[in-house]
Number of protein chains: 2
Amino acid sequence: MKKGHQVTMKEIAKKLGVSVSTVSRALKDSPELHPDTKKRIVEMAKSMNYQYNLLAQSLRISKSKVLGVIVPELTSHFFSSNISGIQDTAYKRGYNIMICQSNESYEQEKANIKTLVSSQVDGLLISLSRETKNYDHLRELYDREIPFIMFDRVTEEIPVSKVTVDDAHGAYMAVHHLLEQGCRKIAYFSGPEDLYISKKRKEGYLQALKEFGISESESKVYITDLTTEMNRSVTMKMLEDKDRPDAIFAMIDPLAIDIMMVLKEKGIKIPEEIALAGFTNNPTSAVIEPSLTTVSQPGYEMGQIAANHLLDQLDDIVSDEPQSFVLHTTLIPRNSSKKIKSK
Amino acid sequence: MKKGHQVTMKEIAKKLGVSVSTVSRALKDSPELHPDTKKRIVEMAKSMNYQYNLLAQSLRISKSKVLGVIVPELTSHFFSSNISGIQDTAYKRGYNIMICQSNESYEQEKANIKTLVSSQVDGLLISLSRETKNYDHLRELYDREIPFIMFDRVTEEIPVSKVTVDDAHGAYMAVHHLLEQGCRKIAYFSGPEDLYISKKRKEGYLQALKEFGISESESKVYITDLTTEMNRSVTMKMLEDKDRPDAIFAMIDPLAIDIMMVLKEKGIKIPEEIALAGFTNNPTSAVIEPSLTTVSQPGYEMGQIAANHLLDQLDDIVSDEPQSFVLHTTLIPRNSSKKIKSK
DNA sequence: TTGAAAGCGCTAACAG
DNA sequence: CTGTTAGCGCTTTCAA
């Protein structure tokens with residue numbers, strides 16, 4: 001299929017008997033141009049249905065006005081909120097975004113970076129895949145001075161700006177809340193241990209326990225790869241443990257929901273027998289029964305802040321000095337944990 | 001922030017004392033080149049960390065290898081599934097995607113098209129906003145011979161390829177199922193009436209009623225703009241109607257869930273007093289209580305098919321003749337409608 | 001097997 | 001106020 005012909009400045013110039021640069025100036029609304037000439041050109045452009053060729057401009061000014069975005073998966077509500085924030089912000093500031101998903105694969109992530117760099121994006125916004133344990137590809141970006149920042153799934157190994165939430169504090173609030181409800185044997189269901197958020201949220205979990213005089217040796221950590229399959233089997237295993245927990249803090253909502261399903265199937269009362277709390281505040285969490293106590297994470301705002309900061313760096317509005325943005329989370333107590341009913 | 005310098009073919013050429021065209025040929029693995037020269041160039045490119053400049057190539061060959069995608073919103077699970085399918089497919093076939101969201105606004109949609117066209121995308125995949133009632137912007141695309149296809153939210157006014165699901169049949173199955181459960185006063189909760197899917201799903205609704213001897217005049221259609229606010233108020237209004245329905249078919253799951261929330265708040269038993277069915281099969285629908293009967297719509301596959309077809313057209317693998325792909329939906333009966341318990 | 005040259009559509013000195 | 005010129009990084013005839 002051949003695309004229809006696109007009108008160029010050259011054609012407008014020829015039709016009007018002026019030079020291409022004059023056309024370029026007119027279309028850029030340059031002040032150093034006779035109003036009449038400008039008007040004639042603008043009108044002609046309109047009547048010929050002229051469309052700017054951003055590609056040519058990008059090549060010429062070596063700026064594409066495109067931001068590359070890499071997320072582990074597009075269908076997660078949290079990441080799509082991020083992207084939504086990024087897209088709206090970029091759009092407002094005259095940028096387009098090019099999106100890739102790593103599908104949680106390290107190789108894909110590397111490949112994504114490569115194509116986005118080839119496409120001459122002006123900067124990158126990256127959220128790491130679960131598999132990413134080696135950061136050479138990021139280091140290379142850094143060494144090659146390609147502007148990029150990380151959000152949510154970040155690593156401290158690379159000195160670039162990062163946008164995260166106060167993971168540890170959020171987890172702390174959730175676990176503290178469970179403790180307040182009278183639970184004392186609280187389990188932490190974690191994703192892969194080397195994930196930044198797994199670690200951070202564990203810190204908060206342990207800190208809350210400590211405040212209630214529970215030592216790390218008394219803590220119970222269950223690891224899953226976050227697939228529904230493993231989430232379920234780990235939950236089953238937990239139920240058979242001799243000293244069964246009376247509460248669970250799950251690293252992310254989808255995991256909490258998988259756990260909840262198993263508990264319900266087994267006829268275990270939530271929160272009476274086992275109280276439950278998650279992290280993220282997915283839409284499902286509010287409407288599920290019992291509604292899921294969770295920590296809300298402002299996905300859209302994270303996207304906005306990340307995009308704005310990167311663009312500020314690109315436009316030299318702020319320095320290139322790496323900054324860390326840590327957004328606040330808020331505890332949303334719901335029925336999955338409320339043992340003490342407020343009247 | 002200034003980007004680091006990128007190595008060009010010219011620099012490789014100079015370093016090796018060959019011409020740029022030779023470098024270009026070597027990097028393209030052209031056969032008409034001495035193996036040794038090729039090897040030397042490829043190695044030098046690697047050692048200099050050469051990165052292809054897709055922008056320059058695009059300008060030269062007038063093909064960007066980029067597809068533009070416009071969806072009403074990024075955070076809806078259905079659309080993000082579409083995008084995921086599009087992205088994976090495009091990636092496999094060597095294309096990148098540029099994404100815009102119209103935020104359900106007609107003006108945004110027009111603006112999105114404009115920037116994507118300026119960016120020289122090779123083709124567009126569009127799902128219309130709720131507000132879009134005028135199709136001049138699409139007609140213009142069509143007249144200018146810019147390849148594009150529509151998916152899910154389509155219009156029949158423009159003769160381009162479309163990817164949809166069998167909306168009418170899906171709705172028919174859902175309503176037929178409600179009828180089978182013994183319900184006879186079935187309401188249809190619809191989105192804006194001029195929306196393609198509102199109409200199609202209504203057709204299926206009416207057809208099922210007809211089969212059970214219920215005429216259109218006996219049908220009950222409630223219209224909402226699909227905001228949670230209006231969804232709730234329309235539901236309340238319905239509850240006060242003299243001849244209250246004993247079942248509801250909601251045009252999309254999120255609407256069904258809003259309705260369910262109101263019914264639960266009012267203490268109305270689902271499905272005993274009012275049975276409920278939705279359309280889409282959102283992740284929430286499976287885990288909500290009662291689980292929501294719905295019609296599943298293969299979002300990821302739709303994205304794959306749409307992208308593959310557009311690329312086939314671009315690559316002249318198929319003709320430009322508009323085709324309509326209608327994907328099958330399947331009924332997923334769940335507890336929100338099962339009055340007749342199967343043992 | 002390789003190089004020279006032209007040009008994709010646009011911008012930006014520089015000159016007038 | 002406007003035109004000329006050179007060139008962004010690459011591809012592709014054409015010629016050698």
Side-chain angles (χ1 to χ4, degrees), chain A residues 2-42 44-45 48-66 94 115 117-122, chain B residues 2-42 44-45 48-66 115 117-122 144:
Chain A
K2 64 265 143 264
K3 267 205 326 201
H5 171 73
Q6 299 238 26
V7 179
T8 67
M9 288 189 181
K10 203 172 168 184
E11 299 173 52
I12 299 177
K14 192 187 286 176
K15 225 160 200 161
L16 253 31
V18 296
S19 75
V20 202
S21 26
T22 304
V23 176
S24 172
R25 282 189 270 253
L27 265 21
K28 284 227 121 55
D29 201 25
S30 153
E32 47 170 24
L33 208 56
H34 192 93
D36 286 353
T37 330
K38 194 185 289 185
K39 202 167 146 237
R40 274 170 58 224
I41 295 175
V42 170
M44 177 58 83
M48 292 177 75
N49 231 321
Y50 172 76
Q51 276 282 340
Y52 211 87
N53 185 327
L54 280 177
L55 228 52
Q57 188 198 41
S58 301
L59 183 61
R60 180 59 237 240
I61 68 177
S62 357
K63 274 205 214 169
S64 62
K65 293 271 188 181
V66 175
T115 57
V117 169
S118 292
S119 300
Q120 309 298 116
V121 295
D122 290 341
Chain B
K2 63 267 145 263
K3 265 204 329 201
H5 171 73
Q6 299 237 27
V7 178
T8 68
M9 288 188 182
K10 202 173 169 183
E11 298 173 50
I12 298 177
K14 192 187 287 174
K15 224 159 201 161
L16 252 32
V18 295
S19 77
V20 203
S21 21
T22 305
V23 175
S24 172
R25 282 189 270 254
L27 265 21
K28 285 226 119 51
D29 202 24
S30 156
E32 48 170 23
L33 209 56
H34 192 95
D36 287 352
T37 331
K38 194 184 289 184
K39 202 167 148 237
R40 274 171 57 225
I41 294 174
V42 171
M44 178 57 85
M48 289 176 78
N49 230 321
Y50 172 75
Q51 276 283 339
Y52 211 87
N53 186 329
L54 280 177
L55 228 52
Q57 187 197 40
S58 301
L59 182 61
R60 180 61 236 245
I61 66 178
S62 359
K63 273 204 214 168
S64 62
K65 294 273 189 174
V66 175
T115 56
V117 168
S118 292
S119 300
Q120 310 296 115
V121 295
D122 289 341
R144 294 181 52 198

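Each chain gets a letter, A, B and so on, in the order its sequence line appears, and its residues count up from 1.
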What distance separates B:Gln51 CD from A:Thr115 OG1, expressed to the nearest 0.5 Å? 9.5 Å
Any donor-acceptor N/O pair, [X] side chain to [Y] backbone, under 3.5 Å:
X: A:Arg25; Y: A:Leu33; value: no
X: A:Lys38; Y: A:Pro31; value: no
X: B:Ser24; Y: B:Val20; value: no

[X] [atom1] to [N] [atom2], straight-line distance once rounded to whole Å:
X: A:Leu59; N: C:dC8; atom1: CG; atom2: C1'; result: 9 Å
X: B:Leu55; N: D:dC8; atom1: CG; atom2: P; result: 14 Å
X: A:Lys10; N: C:dA6; atom1: NZ; atom2: C1'; result: 11 Å
X: A:Lys14; N: C:dG9; atom1: NZ; atom2: C1'; result: 14 Å
X: B:Ile61; N: C:dG9; atom1: CD1; atom2: C1'; result: 15 Å
X: B:Lys28; N: D:dG9; atom1: NZ; atom2: C1'; result: 12 Å
X: B:Gln57; N: C:dG7; atom1: CD; atom2: C1'; result: 15 Å
X: B:Lys63; N: D:dC10; atom1: NZ; atom2: P; result: 19 Å

Looking only at side-chain N and O atoms, does [X] come under 4.0 Å of OP1 or OP2 in [N]?
X: B:Ser58; N: C:dC8; answer: no
X: B:Thr8; N: D:dC8; answer: no
X: A:Tyr50; N: C:dC10; answer: yes

Along DNA chain C (nearest heavy atom to each residue), the more 5'-positioned of B:Glu32 and B:Ser62: B:Glu32
Taking the nucleotide of DNA chain C with the closest heavy atom to each, which residue, B:Thr22 or A:Leu54, is nearer the 5' end? B:Thr22
Would you mind reporting whether B:Thr8 and B:Asn53 have side-chain heavy atoms less than 4.5 Å apart? no
Once hydrogens and angles are ignored, does a donor-acceptor distance under 3.5 Å link the base of C:dA4 to the side chain of B:Ser21? yes
Between C:dT1, C:dC10, D:dG3, spot the one nearest the side chain of A:Arg25, thanks. D:dG3
